Amino acid sequence: MDRTRRLRSSEALRSMVRENHVRVEELIYPVFVIEGENIVNPVASMPEINQYSPDRVMEEVDRVIEAGIKAVLLFGIPAYKDEAGSGAYAENGIVPKAIRLIKAKYPELIIIADVCLCEYTSHGHCGLVQDGIILNDETLPLLAKASVTYTKAGADVIAPSDMMDKRVLAIRKALDSAGFVNIPIMSYSAKFASGYYGPFRDAAHSAPGFGDRKTYQMDPANGREALREVEEDIKEGADLIIAKPALGYMDVIKEISLNYNIPIVAYNVSGEYAMVKAAALNGWIDEKKIVMENMVGLKRAGAKMIITYHALDVARWIHEDMGRICR
Ligand code: PBG
Ligand code: ZN
C-alpha cells in the first residue's frame, strides 16, 4: 500500500529524498552605492540594507565574502541627475568607481552591474522621455554605452533592467564590438510593473517623477506574454533570464523553466523583503523558517539562482545547518 509518510519518518530520511536545495553559490546579493563620502545610510523600508559611499562599501563587501557569497548586483545612486541619465554611462560614474574598488580587493567576486537609466534621470524613467512618452530605440545606445562602460571598469555580467525592446541585442552588439564577447548578459526579461518595487525606489532614489512604468514593464495579469519576452531575449543573445518579482510570480518561473533551457534567476524583490522583515521584527513569524521556505519555493518553481536582500542571512543559516550536520 502506498504510504507517503514512510519517507518522512526521520530528518535523515527526509534529507535523503529532498528534491530541492538552496545553495550559497546560487545567491546574489544587491548592493547600493551612493556618490559621496563616509555614508552608510539605512534604507527605512528595508531593515539591515544600507546605501554605501565608495569609501565605506567595502564593509558590506567584506561581509559578502565572509558569507561565501559569489556574486553581488550593483546599483548606483549618482550625485546629480539629468534628462539623459548621463551618470549611468559616465566613465567616472558611481558604478564604475565602485566596480574598480571592489575588483581591486576581490578579483574573484562576480560583479553583476544593473543597467538602467532610472536612478540617473531627473524624470526617474528607465528611458529617454519626449513629450511624456518613454522612447525605446533612442534609449538603446545609452544602455549599450553604460554596459560597455561597466564592463571596462571590470563588471563580469551585465544585467539590463529597463524593459526597452531590443536592448539585449543592442547591448550584445556593443559588448562584442568592444571586444567583450565573453561577458554574459543577465536580462530582466519577465519584469512586471509591480507595487513590490516600492522600497527599492526609496533605496535607489528611482521613483518615476510622473506617471508609472506600465508602458514598458509587463502587466501583472499576463503570464503567457512573459514567455514571448523570454523567447525574444534568448534570440537577441541573453545568457541568463531574470523573472521578477518572484514570490507572487512563481507560475511564471515554472513556465519559463518548462519551456526554455536557460538558467533562470528569480529576483526576490524589495517589497517581498520588506513584508517578511516587518512581520519578523514584530515577532509575528519565524524569520528563518519563512525565508528558507520562500527560497526553496523559488528553487522548486525552477529558479537556478536567487537575487535576494536576505542573502547574507540565508548564507549564514545554510552554514550553521551544515555545521550542525557535520558534528
Ligand atoms: C530599475 C530596477 C528596479 C528594480 C531593479 N532594477 C525598480 C523599478 O523598475 O522600478 C527593483 C528591485 C527591487 O524592488 O528589489 N529599473
Ligand atoms: Zn529603471
Side-chain angles (χ1 to χ4, degrees), residues 27-33 43-51 72-78 81 83-85 87-89 94-95 112-129 134-136 139-140 142-143 146-147 150 157-165 167-168 171 185-220 229 240-249 265-277 294 298 306-311:
L27 300 172
I28 299 168
Y29 186 61
V31 174
F32 297 98
V33 268
V43 180
S45 50
M46 301 177 73
E48 286 157 53
I49 300 295
N50 305 298
Q51 302 166 327
V72 292
L73 174 61
L74 275 193
F75 294 98
I77 304 129
K81 305 181 187 231
E83 290 269 300
Y89 37 90
I94 180 67
V95 165
I112 307 169
D114 182 275
V115 170
C116 201
L117 299 188
C118 56
E119 298 97 327
Y120 306 90
T121 49
S122 40
H123 44 71
H125 278 288
C126 305
L128 291 173
V129 174
I134 290 77
L135 302 174
N136 194 93
T139 301
L140 302 181
L142 305 184
L143 299 170
S147 303
Y150 301 163
V157 178
I158 292 299
S161 67
D162 50 282
M163 285 300 277
M164 298 301 125
D165 288 328
R167 91 269 206 206
V168 172
I171 291 171
I185 297 177
M186 177 188 276
S187 177
Y188 289 74
S189 303
K191 177 172 179 180
F192 291 86
S194 172
Y196 284 99
Y197 308 151
F200 173 93
R201 292 175 189 173
D202 299 338
H205 301 169
S206 66
F210 69 90
D212 51 42
R213 302 211 201 288
K214 289 180 188 169
T215 66
Y216 41 111
Q217 298 181 351
M218 290 182 61
D219 186 332
E229 289 283 1
L240 301 146
I241 297 295
I242 303 178
K244 79 183 269 209
L247 298 175
Y249 296 78
V265 185
Y267 197 145
N268 176 216
V269 299
S270 58
E272 298 172 330
Y273 175 82
M275 292 195 305
V276 169
K277 278 294 187 185
N294 286 347
L298 296 173
I306 303 174
I307 303 168
T308 181
Y309 304 96
H310 296 290

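Because the structure is a prediction, the values reported are computed rather than measured. Indexing begins at 1, ligand by ligand and atom by atom, following the structure's order.
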Within a distance under 4.0 Å of any heavy atom of [X], pick out the atoms of ligand 1 and give their elements.
X: Cys116; answer: 16 (N)
X: Tyr267; answer: 12 (C), 15 (O)
X: Arg201; answer: 8 (C), 10 (O)
X: Tyr309; answer: 12 (C), 13 (C), 15 (O)
X: Cys118; answer: 1 (C), 16 (N)
X: Ser161; answer: 1 (C), 2 (C), 6 (N), 16 (N)

Ser206 near ligand 1 by a heavy-atom separation under 4.0 Å: no
contact_flag Lys244 ligand 1 heavy-atom lt 4.0 Å: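 Judged by the 4.0 Å heavy-atom criterion, Lys244 does count as contacting ligand 1.
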Taking the side chain as every heavy atom from C-beta outward, state whether [X] and [Y] have any pair of such atoms under 4.5 Å apart.
X: Met164; Y: Ile134; answer: yes
X: Val115; Y: Tyr89; answer: no
X: Met186; Y: Ile242; answer: yes
X: His123; Y: Glu83; answer: yes
X: Thr139; Y: Leu117; answer: yes
X: Met163; Y: Met218; answer: yes
X: Val269; Y: Phe200; answer: no
X: Ile185; Y: Pro160; answer: yes

Test of proximity, Glu119 against ligand 1: N or O pairs below 3.5 Å: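 No, no N or O pair falls under 3.5 Å.
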Gln217 N/O to ligand 1 N/O under 3.5 Å: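 Yes, Gln217 has an N/O under 3.5 Å of an N/O on ligand 1.
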For Ser189, the option from Leu240, Val168, Ile241 that meets side chain to side chain contact (heavy atoms under 4.5 Å, CB included): Ile241
Ligand 1 contact on Asp114 by region, counting heavy-atom pairs under 4.0 Å: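 The answer is the side chain.
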Ligand 1-proximal atoms of Ser270, by part, heavy-atom distance under 4.0 Å: both
Lys/Arg cation over aromatic Tyr197: Lys244, 6.0 Å, 45° cone: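 The answer is yes, since Lys244 meets both limits relative to Tyr197.
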Residue selection (non-hydrogen contact nearest atom 13 (C) of ligand 1) among Tyr196, Phe200, Phe192: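 The residue whose heavy atom sits nearest atom 13 (C) of ligand 1 is Phe200.
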Atom 2 (C) of ligand 1: the protein heavy-atom neighbour that sits closest, reported with distance to 0.1 Å: Lys191 NZ, 3.4 Å
Geometric class of the Tyr273/His310 ring pair [parallel <30°, tilted 30-60°, perpendicular >60°]: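 Plane angle between 30° and 60°, so tilted.
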Ring geometry between Tyr267 and Tyr188 (parallel below 30°, tilted from 30 to 60°, perpendicular above 60°):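 The arrangement is tilted - the two ring planes meet at 30° to 60°.
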The Zn ion (ligand 2): protein N, O or S atoms [distance under 2.8 Å]: Cys116 SG, Cys118 SG, Cys126 SG
Separation between CD of Gln51 and CD1 of Ile94, rounded to the nearest 0.5 Å: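 Separation between the atoms: 10.5 Å.
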